[in-house]
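Hydrogens, waters and symmetry mates are skipped; everything else that's a heavy atom, side chains included, is used. For ligands, and for the atoms within them, numbers begin at 1 and follow the listed sequence.
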Amino acid sequence: MAYSDTVRKIFGQEIEEIKSRGLYKEKRFICSPQDATIRVEYPEGAETTEVLNFCANNYLGLSSHPEVIKAAREGLESRGYGMSSVRFICGTQDIHRELQTKLTDFLGTEDTLLFPSCMDANAGVFEAVLGKEDVMIADRLIHASLVDGIRLCSAEYDTFKHMDTKHLEKKLQQHSDKRARMVVTDGVFSMDGDLAPLDEMVALCEKYDSMILVDDSHASGFIGKTGRGTHEHFGVMGRIDIITTTLGKALGGASGGCVSGRRELVELCRQKARPYLFSNSLSPVIVAASIRVIDLISKTTERRDKLEWNTKYFRERITAAGLNVRPGETPIVPVMLYNAKLANDMARDMYAEGIYVIGFFFPVVPAGAARIRVQLSAAHEKEHIDKCVEAFRKVGNKYGILGLDKNGIIEKYGM
Ligand SMILES: *Cc1c(COP(=O)(O)O)cnc(C)c1O
């Protein structure tokens with residue numbers, strides 16, 4: 001009794017604090033497959049409602065694609081349900097090898113190693129490759145999973161200002177005495193949807209004899225003319241030392257991740273990366289479906305082309321409707337609202353209009369940079385996008401922010 005009272009008191013208080021700061025994450029339930037149209041139970045216990053989904057990472061609309069589901073079924077039949085083993089004991093099937101080879105070809109690298117997730121790939125890769133005599137130089141806005149991986153590694157850690165290649169160059173000069181240097185960045189940054197300038201970054205890395213690691217989770221499958229990723233977009237395929245990416249977003253959206261790149265670096269991960277050595281292997285169901293995904297998107301760029309069209313169309317329409325959108329070209333479109341409560345209130349009203357979007361605010365984005373992040377998908381049809389824009393127009397009008405720029409919105413609502 002005494003023990004559980006203590007638990008309630010100490011940790012219950014922390015939860016209350018999270019709530020009082022407006023940071024409590026509510027439960028939401030999708031009661032249908034993940035798709036453009038979904039049924040959602042929100043808040044918990046409410047009747048389910050049908051909404052258009054504009055907040056999933058289902059960029060290519062493959063999460064519920066019939067071909068992918070069929071491949072998953074075939075994988076289940078031919079290779080069973082689970083591996084009940086980590087990779088280095090008896091958790092590798094022929095289809096794991098096949099998927100690794102396909103990913104290597106698709107990403108244009110030398111070798112690939114599957115992990116249970118990209119979070120795990122990032123957790124394992126730094127410690128496996130680098131040591132005390134090395135340095136990691138990371139963009140200041142890298143994904144949380146890269147930050148965690150970096151924390152687990154004994155190499156020195158330094159940062160450069162977000163996408164600031166001048167600053168990066170200074171840091172590379174500063175660390176010229178280290179055994180090895182590794183520049184670390186996201187390919188596409190998930191909150192702003194901006195692209196790391198990989199052409200300039202790779203040139204700098206080559207000039208200063210540094211490796212570069214790119215986490216392309218928000219790019220693999222759809223950025224670049226044939227969807228290979230940010231390195232294709234910037235014309236630097238074959239010049240990235242390590243790509244980490246996820247199968248849990250555009251590439252079918254189930255789970256799984258990988259480290260792909262230079263042979264020696266991937267081999268070191270195979271020997272030493274702890275999530276590879278000590279966490280269970282990907283299910284054959286996921287592996288078989290992922291193979292089909294790579295086949296589908298290697299054969300035709302139809303889905304990434306449709307996503308590109310949808311993105312352009314949405315960006316045009318939403319800007320014309322008078323909302324303040326961060327310019328860019330990726331399907332991550334932040335509708336800037338600056339004020340956290342405004343972002344939250346508008347997202348709730350959008351939901352009532354049948355559009356599922358989420359407000360993001362501190363600490364997920366910098367204080368005073370609250371926004372609703374819209375994510376486009378190849379699963380969206382033109383009329384879905386029209387509905388979304390119309391809802392933004394209606395809700396934006398209610399809050400009197402249409403046509404206002406940053407200063408106008410901040411003047412009205414504060415940061
Ligand atoms: C989503 C994401 C991850 C995590 O991927 P999982 O496979 O879901 O663990 C890692 N890095 C970045 C940049 C991401 O956006």
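- Looking from atom 9 (O) of ligand 1 to the surrounding protein, the closest heavy atom is Met119 N, 2.9 Å.
- Salt bridge Glu308/Arg304: present, at least one basic N to carboxylate O contact under 4.0 Å.
- Between Asp111 and Arg263 there is no salt bridge, since none of the side-chain N atoms of the basic residue sits less than 4.0 Å from a carboxylate O of the acidic one.
- In this structure, the protein non-hydrogen atom closest to atom 14 (C) of ligand 1 is Lys249 NZ, 2.9 Å.
- Salt bridge present: Asp192 and Arg371 bring a charged side-chain N and a carboxylate O closer than 4.0 Å.
- With respect to the salt-bridge test (charged N to carboxylate O, under 4.0 angstrom), the residues Asp105 and Lys102 do not qualify.
- Remark: Glu169 engages Lys207 in a salt bridge, criterion side-chain N to carboxylate O under 4.0 Å.
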Could you give the side-chain donor-acceptor pairs of residues 280-294 under 3.5 Å, partners two or more places apart or in another chain?
residue : atom : partner : partner atom : Å
Asn280  : OD1  : Ser85   : N            : 2.9
Ser281  : OG   : Ser85   : O            : 3.1
Ser281  : OG   : Arg87   : N            : 3.3
Ser281  : OG   : Gly91   : O            : 2.9
Ser283  : OG   : Tyr81   : O            : 2.8
Ser283  : OG   : Val285  : N            : 3.2
Ser290  : OG   : Ile286  : O            : 2.7
Arg292  : NH1  : Glu67   : OE1          : 3.2
Arg292  : NH2  : Glu74   : OE1          : 3.0

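- Checked against a 3.5 angstrom limit, the closest N/O atoms of Asp120 and ligand 1 fall outside it.
- Under a 4.0 Å criterion applied to the non-hydrogen atoms of Gly256, ligand 1 contributes the atoms 7 (O).
- Scanning all protein heavy atoms for the shortest distance to atom 8 (O) of ligand 1 gives Thr246 OG1, 4.0 Å.
- Looking from atom 5 (O) of ligand 1 to the surrounding protein, the closest heavy atom is Cys118 CB, 3.3 Å.
- Under 4.0 angstrom from ligand 1, the non-hydrogen atoms of His143 all belong to its side chain.
- Ranking the protein heavy atoms by distance from atom 13 (C) of ligand 1 puts Asp215 OD2, 3.2 Å first.
- A cation-pi contact links Lys19 to Tyr24, judged by a cut-off of 6.0 Å to the six-membered ring centre and 45° from its axis.
- In this structure, Lys178 pairs ionically with Glu156, as a charged nitrogen and a carboxylate oxygen lie closer than 4.0 Å.
- With a 4.0 Å heavy-atom cut-off, ligand 1 is reached by no atom of Ser190.
- Listed by atom number, the atoms of ligand 1 under 4.0 Å from His218 heavy atoms are 15 (O).
- Numbered from 1 in the order shown, with element, the atoms of ligand 1 that lie under 4.0 Å from a heavy atom of Ser145 read 10 (C), 11 (N).
- Remark: ligand 1 and Gly248 share no N or O pair separated by less than 3.5 Å (distance only, no angle test).
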